[in-house]
K.L.:
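First the structure, which I've put down as structure tokens, then a few questions once you've had a look.
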Amino acid sequence: MMVMLAKGRSLKGCTCTIIGAVVGLSLVLPIFFTGTSLSEKILLDWLMWSKSPDYTVDYAYDYSPSGKLRSSEAVPRGGERCLLKVYVYDFPRRLHLGMLKNTVLDQDLPWTDDETPPVWPLRSGLKKQHNVEYWMMVDLLDRRISRDGDRQVVRVSNPEHADLFFVPFFSSLSFNRYGHYMRDPDTEKDRLLQEEAANLTMSSKYWKRSGGQDHIIPVHHPNAFRFYRNMLNASIFIVADFGRNPPEVSSLRKDVVAPYTHVVPTYVDDNEEDPFNSRKTLLFFQGRIKRKDDGVVRTQLASVLQNQTEVHFEDGTATEEGLQQATVGMRSSKFCLHPAGDTPSSCRLFDAIASHCVPVIISDKIELPYEDVLDYSTFALFYSVEESLEPDWLVEQLRNISQEQWLAMWIRLKQVAHHFEYQFPTKRDDAVNMIWRELHKKVPEVKLKMHRKQRLKIADWWTW
């Protein structure tokens, strides 16, 4: 039976016949082998050999009802699942990867498959924290075929085959490079790039077909694409939060919240025998204290926390020296404070996760990445602004957390930290692949609305 299957034609779709055969094999093979690892390897090798590049085995982490990971290994589910198919528009490179290299010639031309994408600059400062657009783009340009279940997306060359359309405009980088001061004439280049990207997108017949509902537009910086967001608001935005967007522009229902890229290095050798007692600082914060909008809470917290024992609360900047100090401080602290920035979110939360420092989140309107998969209450603490500003209240709450409770959160942090890592090539369940999974979940509703629109003869009576 195995020989017959191995000689069969490559899979052209997710058919019930193939799934049934695979499930049958998965039940029979363990009888002949001790344990399941060898039989699983044979099945997975056969599936990956016989399928077309548009399909991959479906992996999922095995979580207990309490939200804890039962095993560090991925568990293959029966059958196989189609990859998310994404079409990338051929925009001029000046709108995306060309921004990283001003010396690149032919900025009017699209990026070609035989070109190696530039590496994100090491010394990019805070521009790095909103570079999700870069990581998504280079992953889509990657033509390798996964054999380890670490790809969630495939780029298709025929737009008719696409589930979703990726708009390759680095709107956050454009703002940071050309519009940061938000004053004319300094911001004119950013505005012109936004205008070009918006016009190219909205002139596409595929945008017109769906009204943009099946288009992915990264707008991670709160001010990214700010001149044209209202015109593109039917699309799926990749956002950091919803602090500067009204509900009619951006919402949790249609958009995807993506993590910031952490700016402190990942703590890869966090293997202290007694991590609780080796982390001498109770609560750590180092960053800009004076912020606007939601960030005014930082100034208020400073007056409550700066003179507390076991608390490090200092003003800081994202210089190389400042980042080194923050790295050491987070790794030697039990808890890391995450107050709101100018908007409800900030990079500090993801720096804390990378440092395995239990986040203390004080931001009443924060939204978090992949919250349909992750229960943040198992590795972070949440307090309201009102209660946190009570004198001595916050520090007392943290001191009352037992060593056992803290260790459980610290262990969980180490288990989930890989979900917040941006890298190339991607790895299974890292940040980029988690974003693709979230986007894949948007497809059924998008298709439903598009198909209904095609057959309706009167105005739609549902409010989406």
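Along the sequence shown, residues carry numbers from 1.
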K.L.:
Ring centres under 6.0 Å, that's the criterion: do Tyr89 and His215 meet it?
P.N.:
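Yes: the rings meet the under 6.0 Å criterion.
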K.L.:
Does the pair Arg253 and Glu445 meet the rule for a salt bridge (charged side-chain N to carboxylate O under 4.0 Å, His left out), with working shown?
P.N.:
CA-CA 10 Å; Arg253 179 190 57 77; Glu445 183 176 325; 2.7 Å; yes
K.L.:
At what distance, to the nearest 0.5 angstrom, does OG1 of Thr426 lie from CH2 of Trp135?
P.N.:
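The OG1 atom of Thr426 sits 10.5 Å away from the CH2 atom of Trp135.
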K.L.:
Please find the pair of heavy atoms, one from Ala417 and one from His356, that lie closest to each other, and give the distance.
P.N.:
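In this case the closest contact between Ala417 and His356 is CB-NE2, 4.2 Å.
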K.L.:
Does this structure show an ion pair linking Asp113 with Arg155, if we count only N-O contacts that are shorter than 4.0 Å?
P.N.:
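Yes.
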K.L.:
Taking the side chain as every heavy atom from C-beta outward, state whether Pro259 and Val132 have any pair of such atoms under 4.5 Å apart.
P.N.:
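Contact flag for Pro259/Val132 side chains = no.
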K.L.:
Looking only at heavy atoms, which two atoms of Tyr87 and Asn158 are closest? And how far apart?
P.N.:
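Closest approach of Tyr87 to Asn158, heavy atoms only: CD1-C, 4.2 Å.
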K.L.:
Which atoms form the tightest heavy-atom contact between Leu232 and Ser235, and what is the distance?
P.N.:
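Where Leu232 meets Ser235 most closely, the heavy atoms are O-OG, 2.7 Å.
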K.L.:
For atom CD of Glu320, decide whether the heavy atoms of other residues, nucleotides or ligands shown that lie under 6.0 angstrom number more than 12.
P.N.:
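Count not over threshold, so no.
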K.L.:
Determine, stepwise, if the pair Asp460 / Lys453 fulfils salt bridge (charged side-chain N to carboxylate O under 4.0 Å, His left out).
P.N.:
CA-CA 8 Å; Asp460 197 348; Lys453 181 181 178 181; over 6 Å; no
K.L.:
Using modelled atom types and a 3.5 Å cut-off, is there a donor and acceptor pairing between side-chain atoms of Thr187 and backbone atoms of Asp190?
P.N.:
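Not confirmed, Thr187 side chain does not pair with Asp190 backbone.
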K.L.:
Are Trp111 and Asp90 linked by a side-chain donor-acceptor pair shorter than 3.5 Å?
P.N.:
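Not at all, the side chains of Trp111 and Asp90 share no donor-acceptor pair under 3.5 Å.
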K.L.:
Looking at Phe420 versus Tyr370, is the centre-to-centre ring distance below 6.0 Å?
P.N.:
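Yes; Tyr370 has its ring centre under 6.0 Å from that of Phe420.
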K.L.:
Can Glu314 and Arg298 be counted as an ion pair, charged N to O under 4.0 angstrom?
P.N.:
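Looking at Arg298 together with Glu314, the answer is no, because their closest N to O distance does not fall below 4.0 Å.
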K.L.:
Tell me if a side-chain donor or acceptor on Asn233 pairs with a main-chain N or O of Glu248 at a distance below 3.5 Å.
P.N.:
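Checked: pair present.
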K.L.:
Report, as yes or no, whether the 6.0 Å neighbourhood of atom CH2 on Trp461 holds more than 12 heavy atoms from other residues, nucleotides or ligands.
P.N.:
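Yes, CH2 of Trp461 has more than 12 neighbouring heavy atoms, counting only those of other groups under 6.0 Å.
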K.L.:
Go through it in stages, so that I can follow the logic: the residues are Leu97 and Phe170, the test is side chain to side chain contact (heavy atoms under 4.5 Å, CB included), and I'd like the CA-CA distance, side-chain angles, deciding distance and then a yes or no.
P.N.:
CA-CA 8 Å; Leu97 293 169; Phe170 287 4; 3.9 Å; yes
K.L.:
At what distance, to the nearest 0.5 angstrom, does CG of Leu140 lie from CH2 of Trp436?
P.N.:
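One gets 4.0 Å once the value is rounded to the nearest 0.5 Å.
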K.L.:
Does the Lys NZ or Arg CZ of Arg412 fall within the cation-pi geometry relative to Phe379 - under 6.0 Å from the ring centre and within 45° of the axis?
P.N.:
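No - Arg412 does not lie over the ring of Phe379 by the 6.0 Å and 45° rule.
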K.L.:
Both conditions, 6.0 Å and 45 degrees, for the charged tip of Lys254 above the ring of Phe237: are they met here?
P.N.:
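Yes.
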K.L.:
Check salt bridge (Lys or Arg N to Asp or Glu O under 4.0 Å) between Arg229 and all other residues, then give those that pass, not counting sequence neighbours.
P.N.:
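Testing Arg229 for salt bridge (Lys or Arg N to Asp or Glu O under 4.0 Å), a comparison that skips the adjacent residues, returns none.
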K.L.:
Is there a side-chain contact between Leu83 and Val153, using heavy atoms and a 4.5 Å cut-off?
P.N.:
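No. Closest side-chain heavy atoms not under 4.5 Å.
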K.L.:
Do Tyr178 and Phe175 have ring centres separated by under 6.0 Å?
P.N.:
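No, ring centres 6.0 Å or more apart.
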K.L.:
Just one of Ser363, Ser250, Ser345 clears the side-chain hydrogen bond (donor to acceptor under 3.5 Å, both in side chains) bar with Asp241, so which one?
P.N.:
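Exactly one option meets the side-chain hydrogen bond (donor to acceptor under 3.5 Å, both in side chains) with Asp241, and it is Ser345.
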K.L.:
Closest approach of Trp120 and Lys127, non-hydrogen atoms and distance?
P.N.:
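Where Trp120 meets Lys127 most closely, the heavy atoms are CZ2-O, 3.8 Å.
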K.L.:
Within a 6.0 Å radius of atom CZ on Arg209, are there more than 12 heavy atoms belonging to other residues, nucleotides or ligands?
P.N.:
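Check passes, neighbour count above 12.
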K.L.:
Closer than 3.5 angstrom, by distance alone: can the side chain of Glu133 be matched with the main-chain N or O of Ser172 as a donor-acceptor pair?
P.N.:
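Judged by distance alone, yes, a pair lies under 3.5 Å.
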K.L.:
Can you tell me how far CD of Glu195 sits from CG of Leu192, rounded to the nearest 0.5 angstrom?
P.N.:
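Those atoms lie 6.0 Å apart.
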K.L.:
Hey, are the side chains of Leu100 and Pro121 touching, using non-hydrogen atoms and a 4.5 Å cut-off?
P.N.:
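The answer is yes; the side chains approach within 4.5 Å.
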K.L.:
Between Asp255 and Lys442, is a side chain to side chain contact (heavy atoms under 4.5 Å, CB included) present by the stated rule, with each step listed?
P.N.:
CA-CA 8 Å; Asp255 299 326; Lys442 304 290 185 183; 5.9 Å; no
K.L.:
Under 4.5 Å between any side-chain heavy atoms of Phe424 and Asp142, yes or no?
P.N.:
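With C-beta onward as the side chain, the pair touches.
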K.L.:
Measuring from Ile362:CD1 to Leu301:CG, what's the distance to the nearest 0.5 Å?
P.N.:
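CG of Leu301 is found 5.0 Å from CD1 of Ile362.
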K.L.:
Could you tell me whether the side chain of Asn131 and the main chain of Thr261 form a donor-acceptor pair under 3.5 Å?
P.N.:
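Looks like no, no N/O pair under 3.5 Å.
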K.L.:
Where do Leu368 and Val257 come nearest, in terms of heavy atoms and distance?
P.N.:
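Closest heavy-atom pair between Leu368 and Val257: C-CG1, 3.9 Å.
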K.L.:
Which residues satisfy the ring pair (Phe, Tyr, Trp, His ring centres under 6.0 Å) test with Phe225, sequence neighbours excluded?
P.N.:
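Expected list: Phe169.
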K.L.:
Report the C-alpha separation of Arg151 and Asn433 in whole Å, then their side-chain angles, then the decisive distance to 0.1 Å, and conclude whether the side chain to side chain donor-acceptor pair (under 3.5 Å) test is met.
P.N.:
CA-CA 7 Å; Arg151 299 294 306 281; Asn433 277 318; 5.4 Å; no
K.L.:
Side chain to side chain contact (heavy atoms under 4.5 Å, CB included) between Asn271 and Lys414: does it pass, once the steps are laid out?
P.N.:
CA-CA 10 Å; Asn271 299 311; Lys414 295 176 70 175; 4.0 Å; yes
K.L.:
Looking only at atom types and distance, does a side-chain atom of Lys290 sit under 3.5 Å from a main-chain N or O of Val296, one as donor and one as acceptor?
P.N.:
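Looks like no, no N/O pair under 3.5 Å.
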K.L.:
Between Gln107 (side chain only) and Gly98 (backbone N and O only), is there a donor and an acceptor less than 3.5 Å apart?
P.N.:
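Yes; at least one donor-acceptor contact below 3.5 Å.
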K.L.:
State whether the side chain of His338 and the backbone N or O of Leu349 hold a donor-acceptor pair below 3.5 Å, judged by distance alone.
P.N.:
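Here the side-chain-to-backbone pair exists.
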K.L.:
Is there a donor-acceptor contact under 3.5 Å from the side chain of Ser204 to the main chain of Tyr206?
P.N.:
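Pair found, side chain donor or acceptor close to backbone of Tyr206.
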K.L.:
Hey, does the side chain of Asp430 reach the backbone of Lys427 with a donor-acceptor pair shorter than 3.5 angstrom?
P.N.:
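At least one qualifying donor-acceptor pair exists.
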K.L.:
Apply ring pair (Phe, Tyr, Trp, His ring centres under 6.0 Å) to His220 and list each qualifying residue two or more places apart in sequence or on a separate chain.
P.N.:
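Ring pair (Phe, Tyr, Trp, His ring centres under 6.0 Å) check on His220 returns His130, Tyr260.
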K.L.:
For the NZ atom of Lys449 and the CG atom of Leu456, what is their distance to the nearest 0.5 Å?
P.N.:
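One finds 13.0 Å between NZ of Lys449 and CG of Leu456.
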K.L.:
Looking only at side-chain N and O atoms, does Glu115 offer a donor or acceptor that is under 3.5 Å from a partner on Thr112?
P.N.:
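Thr112 vs Glu115: donor-acceptor pair found between side chains.
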K.L.:
What's the shortest heavy-atom distance between Val297 and Ala340, and which atoms?
P.N.:
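In terms of heavy atoms, the two residues are closest at CG1-N, 4.1 Å.
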K.L.:
Checking Arg94 against Asp108 for the salt bridge (charged side-chain N to carboxylate O under 4.0 Å, His left out) test, could you report, in this order, the C-alpha distance in whole Å, the side-chain angles of both residues, the deciding distance, and whether it holds?
P.N.:
CA-CA 7 Å; Arg94 64 172 168 272; Asp108 292 339; 2.2 Å; yes
K.L.:
Taking everything shown except Met450 itself, do over 12 heavy atoms lie less than 6.0 Å from its CE?
P.N.:
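Atom CE in Met450 is crowded, with more than 12 foreign heavy atoms closer than 6.0 Å.
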K.L.:
Under 3.5 Å, is there a donor-acceptor pair linking the side chains of Asp214 and Trp207?
P.N.:
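Side chains of Asp214 and Trp207: no pair found under 3.5 Å.
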K.L.:
Are any side-chain N or O atoms of Tyr376 and backbone N or O atoms of Pro369, one a donor and one an acceptor, separated by less than 3.5 Å?
P.N.:
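Yes; judged by distance alone, with no hydrogens or angles, the pair exists.
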K.L.:
Yes or no on side chain to side chain contact (heavy atoms under 4.5 Å, CB included) for Glu421 and Val432, after CA distance, side-chain angles and deciding distance?
P.N.:
CA-CA 8 Å; Glu421 293 291 335; Val432 171; over 6 Å; no
K.L.:
Does the pair Gln286 and His312 meet the rule for a side chain to side chain donor-acceptor pair (under 3.5 Å), with working shown?
P.N.:
CA-CA 8 Å; Gln286 183 170 306; His312 176 101; 3.2 Å; yes
